[in-house]
Structures are given as C-alpha cells and as structure tokens.
Amino acid sequence: MRRAAVAAAVVVILAGVLAGLLPALTRDRDYPAEIPSPPALRETSLVDLPAGARACWPYAVVEHHAGEARFKVTTRGRPGAPLVLGLTGDGYRARVAVPAGYPDNSELHVAVPRPARDAEVVTCVRNAGRRAVALYASRDRTRSRSLASVDGRPTGASVWFSLYEPRPVSLLDRLGATMSRMSAFRAGVVGPWLLWPLALLFVLGVPAGTVWAYARALRDDDLALEPAGELGPGDVGGDDARERERVAGRGDGA
Amino acid sequence: MLARLRRLPAPLLVLLALTLVEGLAWTFANPPLQNADEAGHVAYVQKIVDAQDLPWRRSVGTPRDDPRQYSTELRAAALWSGLEPLRGNLAARPLWTGTDERLWHRVEDDLPPGSRDDGGVATTFSNPPLYYLYASLPYAATAWASTFSRQEAMRLANIPFLLGAVALTWLLAWQLLGRSAWLATVAAGAVALQPVLVSVVTGVTPDGLLIFLYALGLELVVLVMTRGPTRRLALGLAAVCAAAALTQGRGLPLAVVAALALALSWWRSHPPERHRRLILAGAAGAAVLALILVLAYVERGLTADRTKQFASYLWQFYLRPFSFMSPPIFPNWGFRQVFIERFYGTFDQFEVGFSKWLFDLLKWGSVAGLLLVARAVVVRWAALRRRWDLALVLAAAFLVPLFALHAQAYHGLLIDPGDPVMTGRYLLPLIPLFGLAIAFALSAMSRPTGRVLGGALLGSMALLQLTGLGLLTLRFYA
C-alpha cells in the first residue's frame, strides 16, 4: 500500500515532466537576444521620419547572440520607402539597407552581423526614399532609456526596437545564457555559480524531496501504528487515529 | 539549534528544505520590481530608512502609474535596467547584459544627493507600517549597496514567513488529524508547493508576514480551543491579531475569529450556571448589530437596494444568475477567476499564467475536492459534533476573512466599478486551511485510497511548482 502511494506521486511527476516540461524546455522558439525598447502597453506613439530624415537613439546593446534587428513602420497605406539601419558602437558597426515596398504597419526583420561581444551602440534609421514613414514608439511608462531624436531634435519617445537571434533555439540551448542573464541587476553575490546549483536543486530536489518526505511520513505512520498511540485533544479523527484507538484497545475502529 | 532541528520530524524537515530552495529560486528568477506593487513597497521602506519618515496615512490619491511616487534613485534604476517598461509587458525583457549594468552604474554614480529620499506619496502608504518596519532592517543593513542588492535583501527576509507558514500547517494538521505524519505531510506539502504562494511571498510585500501571522493565529486559536483560554494564550492571540492588523487591513478579520475562539473556549471551560439563554441571546443580538454596522459600511449607507445588490453580487460570484438578477457591477469576475486562476497559477502582474486547459483541470479538481471535504464532514460527523466548537471556529476562520474580502470588494466597486479588488493573492492567508481541508478529505477515506490519492496530489502540486517557475523563466528570459 505504501509503495502504491509513493508510486502515485512518482507517476504523476514523471508524466507531467515528460508530457509538459521537457517539450517546453527543448522546443525551438523565436529567441530574443536583447530588447532595448519594447512595444508600448497601452498607448502607441509614432516618430515621424520625413524623406531623407534620420532617427537616432543611444544606449542600445547588441548582445552577442543577436543576428536580427526588428522595428515597426507605418507607411500610411502606401508601399514603404527604402530605409537604412545603422548600428555604431565600440568595436561594432553595421549598416543595412531595407528595400522599398514593404507593407504598411509591418514589423521589419533586418539581418545584422553578430558581434564578437556585447556592444553598446547608437542606432539610426534613415529614410532613403521620397515618401515619409513613421516609426512605432512609446511615450507611456514603457518608454525606455533610449530616447530618439530626428535630425538632432528630441522626440521624447523610444522607438520599438528589439534584437533577436537569427534562428530559433530552445531554452535548453540557452540555459547558460539564461543563468548569466538572471544574475544581471542583482546583488553582487548572485551569479551563475550560485544559480546553477540552485536550479539543479529546484528541478531535481523539489520533486525528489516531495516524494521522499511522503514516503518517510507513510513509513513513520506505519511504524507508529505498531505500538499503542494516543489521541490528541483536538482530534477530529482519521483512519490513523481510529487505528491507534483500536490498537490501544479503546475503540472498535468503526 | 541543530539538536532542536533534529527533533523535528524528518518529512517536515525535508518540506522546509525544499521550501527554502523554492524561495531562493523564485527570489532570483523573478526580476526585481515585477511582483504586484513591489516598487510601491520598496518606496515605503525607502521613506522609512532614507527619509526617516513613517509615511502611513489613511487615504492616498496618487494614481497607480504616477512615477513621482518613487524616489529619483528608484525611478532611474527601474528605467536603466529596463524593469519599468518590463512590468506587465509580455513583449519586453529585462536588460540583461554586463554592458547594461555598466551603463546603470554610470548613472548611479551621478545621482545627486537626496535621490533616495525624494519620493512622493506612494499608493502603498495607506498600508499599516509593521511589515515595512521589519523590511527596514535588511534594507538598512545593506544601505551601502546598490538599490538592487537592497531589494534582494528585503525579498530574502520574507523567506522565513514562508517556512513558518509551512511548519504551522504541519503542526495544525498533526494536532487536528490524529497525529498522522502522512496527513500532516500532505497538508504542509500542499502549502509548500503552491506556486502563487511562493511567488508572492518572495517579492517585497507585506503579504508574506500577513500569511505567517494568519497561520500563527490559527495555531493559537486551536490551542485556545483545545487547552482552554489561558492568560498566556489569550495574550499571545491578542498580540498576533494586533500584528496582523498593523500589517495589512486584510489582517483585521483574524481578530473576529480570535474573539469567537476565546468566547467559545471560555464558555466550554466556565459554563455559566444561570442566565445561559440570556447570554446567548445577548451574543446573538451583538452579532446581528455588528453585521448591520458592517453592511452599513460596505454599502456606504444601509439601503434595501444596496443590500439586494450585495446579495446578488455574492450569489453571482459563485453561481449562475437567476433571470431576475441584474448583471454584477464587474461582470465575469467570480469563483473561476479568483479561486482558480489567480489562486493557483497567475504570477507577477498577472501576465504570466497557466494555460486554459490546466485551469480547467484545476477548477474541476477543486470542485471535486470541495465535494470530498463535504463527504468527509458527513463521514466524520460524530467526531465533528463532539468538537463542534472547534469545527465552528475553523469554519469561521475561513468564512469571516472571505466575507470581509467580499465586503471590501463590493465597497470598492461602489467607488470604482473598474477594479474588482478581490484577487487570489488575498486568499493566501487562508492557505493553511487549504492544506488542512485536503488532508481532512483524505482522512475520511479508506487508508489505501487516501494514501494513493495523497501521493498523486503531492505529485501534482510538485508539478505545479515546477511549471510555475518554468513559465516565469520563459516569460522573462526566452
């Protein structure tokens, strides 16, 4: 009986891990490398980019897994004008042309070279066409530290801008990076050296500890039932309590 | 210390160890400032320590998203780490490179003097100060460190509350359910593995202390009922009730439960020889009067229409409406949203949650669980009748805080119909009763069935715990 009870816990955990958790861990997914300026939550703003104008914003970091830049453009119903995306920073420089003709309100995915190491860059988008476009941006509380200016004039908005890995990868592929990312903006002692063992303890220790605690409790109860036990003053019963009564000769176990 | 620990039952020790691991894992996996109102709670502590001011006030009119409620340091930290744009924003990720940290340190080094104590009036300042005074200790002890280290220290200081709640649930089940280790393990395990509990308590929040105080209050109530109303127990219970009320307004109902326990215990140990009916009638009259006063507060003035609307709100929260009922003030917010989705598996700003099919499973599992508790009441009726006073107090320990939550929610809806107020996090102080109810239902089954079901249930809870942290990891880091 004790074995069946412990087996029930083990079977449920194994079934859940195999059916739900492992696939989630190993499934390839579109993976962000860094999102310097996320989309707005409630209120979308636009940063106008007339023909020939250039929008720039500082403090974007091109993380070393990045291979694709994304931003969203409105063309006011007409085919999109050609754009040039530039990323310039210490030891990293990229200049990529975006051909004309993309649809209105489309998120542009622009391949950029992977940096050798994380690089802080100034990002610029130049309108190389003859028609105005506008970049999606945030002015609400989702506004980032990277505020855009157009031809040197501040806009007070952060242009939605994100950097993704060039190909889908799984969380399992990025476990090392995840531990490192988790330790950013934490106390100095919190680093991968602490997070790795903690993650292992959590993933293995929580289910194993649960099963062990239950098995041990069942065993302790079975052992305690051998000699006569005593009922506590607040008992509202239970098979074990009745069993103890029976063993103690004080009840009929009904 | 070690000798004392060795005296604890081994299953409890293991449950406490895995609770500690969970607490640390959630503390470090969840980015700073992402728990509900976490920045506001940090602002409160900062006001106490850095501005040397106790900012507790009766009402606060600050809009929830007004950045002026936070100090210059907190605002700058939230912006330069990407944690403010991240809040509730599924498309955002925290900034996570060493370069981002270096950029922040440059800003941090240039912060002007007074940037820690210039925050305005935060929405959290309407909370009583006890928790914040407690959190001031780890905050002040790490005053030399960056704001993120100070926040981490405050988060870590909440883990003892989690451990306390688990240990007290064990103790309650041990005392109430026949000193059975497996039932105590199921009860305490259901608490230890509940993912929303761990998620909430490992943020900077007074909820952890409140949950612990409720568990402690419940244990004292049980002792009062089983040992009689000794002066020490009564004083201890009064102190815990005062502490709960000074932690959060939601702590007030504990005093009602404690008063009921003391009264029933006194009645049991000193049964009056004369005027018994008169005393009972007086108590009933006082209870009715108290209910009328509460309704008058809840309804902002006692009217028949409002009483009808309140009753209709309560009915529709749990059950389908009758044709003659008008729609509730905040529609589509009831048992499923609060008791299932928010209670079992919605995290941070509610943007992280289990999938719909899992919530469906949890809903039907919970309904089946309630039916099994009802069955256990029938099966254990003789034992419950024998200790009807204890059973009544335990029922009140669940129903009084729940009624208070509904009352406050309805009161709030009359002022702001756009906020349903009630959420699953508010049910967490009742979590020892959740564990006890599960163990009680199992205790009324045949031993083999109960034990196998207990094993399956603990396995499911362990899975929920893994799934919760897994979802959080995917949301923020993938």
Side-chain angles (χ1 to χ4, degrees), chain A residues 1 4-6 8-9 12-13 16 20-21 24 29 31-32 34-35 38-39 41 59 61 63 118 120 141-145 171 178 181-182 184-188 190 195 198 201-203 205-207 209-210 212-214 216-218 220-221 229 231-241, chain B residues 10-11 14-15 17-18 21-22 24-25 28-29 32 65 79-81 84-85 88-89 91-93 96-97 99-101 103 148-149 152 175-183 185 189 222 226 380 383-384 387 390 443 447-448 451-452 454-456 458-460 462-463 465-466 470 474 477-478:
Chain A
M1 183 179 68
V6 175
V12 168
I13 291 171
L21 298 183
R29 56 187 81 230
Y31 223 93
E34 169 108 342
I35 300 188
L41 206 50
Y59 308 128
V61 174
E63 201 258 6
D118 303 343
E120 181 201 338
R141 74 163 180 78
T142 59
R143 192 170 67 164
S144 76
R145 67 190 179 191
L171 178 60
T178 300
R181 290 165 180 179
M182 239 178 224
F185 297 103
R186 304 274 183 188
V190 181
L195 296 178
L198 186 60
L201 265 177
F202 181 82
V203 171
V206 167
T210 304
W212 189 90
Y214 193 52
R216 176 65 186 257
L218 293 170
D220 288 354
D221 274 351
L231 275 178
D235 277 337
V236 288
D239 261 15
D240 289 356
Chain B
V14 172
L15 283 184
L18 63 90
V21 169
E22 289 169 13
L24 292 171
F28 297 136
D65 276 341
L79 178 70
W80 284 82
S81 57
E84 177 61 13
N89 190 350
R93 297 292 181 275
W96 52 37
T97 67
T99 309
D100 291 305
E101 286 188 299
L103 281 168
F148 298 109
S149 300
E152 210 110 81
Q175 290 164 333
L176 293 170
L177 296 170
R179 298 186 190 182
S180 160
W182 78 274
L183 288 175
T185 302
V222 168
T226 52
R380 293 269 170 268
L384 288 171
R387 287 312 313 259
L390 180 56
S443 79
R447 226 152 49 133
R451 286 176 159 207
V452 169
L458 278 183
S460 310
L463 265 183
Q465 176 65 221
L466 294 179
L474 285 173
Y477 305 103

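Note that the coordinates shown come from a computational prediction; the quantities given were computed from them, not determined experimentally. Hydrogens, waters and symmetry mates are skipped; everything else that's a heavy atom, side chains included, is used. Within every chain, numbering begins at 1; the chains are lettered A, B, ... in the order of the sequence lines, protein sequences first and strands thereafter.
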Quick one: of [options], who has the most non-hydrogen atom pairs under 4.5 Å with chain A?
options                          : result
N89(B), V222(B), L458(B), L15(B) : N89(B)
A17(B), A25(B), G88(B)           : A25(B)
G470(B), G189(B), G454(B)        : G454(B)

Under 4.5 Å, counting heavy-atom pairs only, tell me which of [options] racks up the most with chain B.
options                           : value
R141(A), R143(A), E120(A)         : R141(A)
G16(A), A9(A), G209(A)            : A9(A)
A24(A), P39(A), A4(A)             : P39(A)
V206(A), D220(A), V12(A), L201(A) : V12(A)

Shortest non-hydrogen contact from [X] to [Y]?
X       : Y       : result
P85(B)  : P38(A)  : CB-CG, 3.7 Å
R93(B)  : P32(A)  : NE-CG, 3.8 Å
A478(B) : Y31(A)  : CB-OH, 3.4 Å
F28(B)  : L195(A) : CB-CD2, 3.6 Å
R179(B) : D221(A) : O-OD1, 4.3 Å
S144(A) : L79(B)  : C-CD1, 3.7 Å

Answer yes or no: is there a side-chain heavy-atom contact under 4.5 Å between [X] and [Y]?
X       : Y       : value
L21(A)  : L463(B) : yes
F202(A) : L466(B) : yes
R216(A) : V14(B)  : no
T99(B)  : E34(A)  : no

Worksheet entry | Cationic N near anionic O, under 4.0 Å, D100(B) to R145(A) | yes
Check each atom of [X] against the heavy atoms of chain A and say whether the ones under 4.5 Å are side chain, backbone, both or neither.
X       : result
L103(B) : side chain
E152(B) : side chain
V21(B)  : both
S149(B) : both

Worksheet item: Does the Y477(B) side chain pair with the main chain of L171(A), one donor and one acceptor, at a distance under 3.5 Å?
Response: no
Practice prompt. To the nearest 0.5 Å, tell me how far I13(A) CD1 sits from Q465(B) CD.
Written response: 11.5 Å
